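Proteins come first, then strands; the chains are lettered A, B, ... in the order of their sequence lines, and each starts at number 1. The figures here come from the full heavy-atom set of this structure, side chains too, leaving out hydrogens, waters and symmetry mates. Note that the coordinates shown come from a computational prediction; the quantities given were computed from them, not determined experimentally.
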Number of protein chains: 2
Amino acid sequence: MPAVRRSTAPSQPASSAPTRSTSAQASSLSKARQDNAREIAEDYVEAIADLITLTGEARVVDLARTLGVTHVTVSRTITRLQRQGFVRSEPYRSIFLTESGAALARDCKSRHETVTAFLRALGVRRETAERDAEGIEHHVSDETLAAFLKFLHANG
Amino acid sequence: MPAVRRSTAPSQPASSAPTRSTSAQASSLSKARQDNAREIAEDYVEAIADLITLTGEARVVDLARTLGVTHVTVSRTITRLQRQGFVRSEPYRSIFLTESGAALARDCKSRHETVTAFLRALGVRRETAERDAEGIEHHVSDETLAAFLKFLHANG
DNA sequence: ACCCAAATGTAGCCAAGGCTACGAAACCAT
DNA sequence: ATGGTTTCGTAGCCTTGGCTACATTTGGGT
């Protein structure tokens, strides 16, 4: 039963209106979507760096285990990361980080540790802090990160 | 010039090793990937709720403007959200939130505001706080959110 | 009434992440 | 050196988010 046409209250033209105001923000979200690939890249280089530190090398299977995906997914993603210049690898060999890949990994690791320590300092349990940090670290700006560090210095 | 076979230091078997330790966490990431859809859903219902509050109704074009994507993307996503029971809409009509959609929107809004207020309390500039909150809000557990609120009460 | 502009919808394309199934290469032992 | 296990690559499929181009519906004006 199709009732009303344009619902009930068109009030404002709703055309030029929502540009910001109370909360109807824009653009930032659209970008955040495509940044999914960037987040994945960060997770990968971080995991690769960790594996190299822990076991001496990063293999596809290890990454698959670490990241909780199949080796196929890892393999394909590594291809993309190689295309983007973060890693280099040859068929059936280990995966290595390039300069920029290593730099990104260092950046992510530091960021991750800061976020984790910050959450811990707030009283969040270690396990929760670790889990939340994994999601949060990709969305913390330099300014916010600085605020976290400042808080840590004041309360550490 | 393909040098070594298995790189240089296989040291540990790298098989059963990386389960957690220093940082090589697992599973959480794999899930976080598919959760992308959930984040999108949250952004949409939040935007829909805002539009309804601000302009009286939520139309595809308004959502497109708000979210910074084309109306096509919005249209298709709305179809998925409808399938998932968060919204209901008929061709060429407004978009409405279902009960669960509205509940999700309320939850997200509250979460968003808490994160923003928390960042502001830490000294982060309004603009940055808003931007970061958009990314962070989807990754904050209840425990961490509670810690944020506690901090706000102690420093507000 | 009619027409036109704006709002929606549809078709079809791309990238990316996930998966299963299966084949090929590498390694380790015997 | 030969075979079996493990690792890796490829083929092929699904979902989802984004887009452009084009068709259709609405709704407001003249």
Check every strand shown and say whether [X] touches a base, only sugar-phosphate, or nothing at a heavy-atom separation below 4.0 Å.
{"X": "B/Arg38", "value": "nothing"}
{"X": "B/Arg76", "value": "base"}
{"X": "A/Val72", "value": "base"}

Handout entry: A/Pro91 vs B/Ala58, nearer the 5' end of DNA chain C by closest nucleotide
Key =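 Per heavy-atom nearest nucleotide, the more 5' residue is B/Ala58.
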For [X] and [N], give me the distance from atom [atom1] to atom [atom2], rounded to whole Å.
{"X": "A/Arg59", "N": "D/dT5", "atom1": "CZ", "atom2": "C1'", "result": "15 Å"}
{"X": "A/Leu63", "N": "C/dG18", "atom1": "CG", "atom2": "C1'", "result": "16 Å"}
{"X": "B/Ile78", "N": "C/dT8", "atom1": "CD1", "atom2": "C1'", "result": "12 Å"}
{"X": "A/Asp35", "N": "D/dG18", "atom1": "CG", "atom2": "P", "result": "11 Å"}
{"X": "A/Ile40", "N": "D/dT16", "atom1": "CD1", "atom2": "P", "result": "16 Å"}
{"X": "A/Glu39", "N": "D/dG17", "atom1": "CD", "atom2": "C1'", "result": "14 Å"}
{"X": "B/Asn36", "N": "D/dG17", "atom1": "CG", "atom2": "C1'", "result": "8 Å"}
{"X": "B/Glu57", "N": "D/dT26", "atom1": "CD", "atom2": "P", "result": "15 Å"}

Practice task
Scan side-chain atoms only and decide if B/Glu137 and B/His112 contain a donor-acceptor pair under the 3.5 Å cut-off.
Solution key: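 Per modelled atom types, B/Glu137 and B/His112 side chains form a pair under 3.5 Å.
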Practice task
Could you tell me whether the side chains of A/Asp35 and A/His139 share a donor-acceptor contact shorter than 3.5 Å?
Solution key: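 Judged by distance alone, the side chains do not pair up.
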Problem - Upstream residue (5' side of DNA chain D) when A/Ser89 and B/Ala41 are each assigned their closest nucleotide - result: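 First, find each residue's nearest nucleotide; the 5'-ward one identifies A/Ser89.
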Exercise for the section: Could you tell me whether the side chain of B/Tyr92 has a donor or acceptor atom within less than 3.5 Å of a complementary atom in the base of D/dT25? Expected result: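 No.
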Exercise for the section: Apply salt bridge (Lys or Arg N to Asp or Glu O under 4.0 Å) to the pair A/Arg111 and A/Asp142, showing each step before the final yes or no. Expected result: CA-CA 9 Å; A/Arg111 192 171 293 263; A/Asp142 288 342; 3.1 Å; yes
Problem - ring-ring contact (aromatic ring centres under 6.0 Å, His included) between A/Phe151 and B/Phe151, worked out - result: CA-CA 12 Å; A/Phe151 177 85; B/Phe151 177 87; 5.7 Å; yes
Practice task
Would you please confirm or rule out a distance under 4.0 Å between OP1 or OP2 of C/dC19 and any side-chain N or O of A/Thr70?
Solution key: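 Yes.
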Practice task
Using a cut-off of strictly less than 4.0 Å, decide whether A/Thr73 has a side-chain nitrogen or oxygen near OP1 or OP2 of C/dG17.
Solution key: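 No.
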Exercise for the section: Show your reasoning for whether side-chain contact (heavy atoms from CB on, under 4.5 Å) applies to B/Arg59 and B/Ile95. Expected result: CA-CA 6 Å; B/Arg59 309 283 309 193; B/Ile95 298 152; over 6 Å; no
Problem - Aromatic ring of B/His71 stacked on base six-ring of C/dT8, 5.5 Å, 30° - result: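 Yes; by the centre-distance and plane-angle rule, B/His71 counts as stacking on C/dT8.
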Exercise for the section: Output the single nucleotide from C/dG18, D/dT10, D/dT16 whose closest atom is nearest the side chain of A/Ser75. Expected result: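 Among C/dG18, D/dT10, D/dT16, the one nearest the side chain of A/Ser75 is D/dT10.
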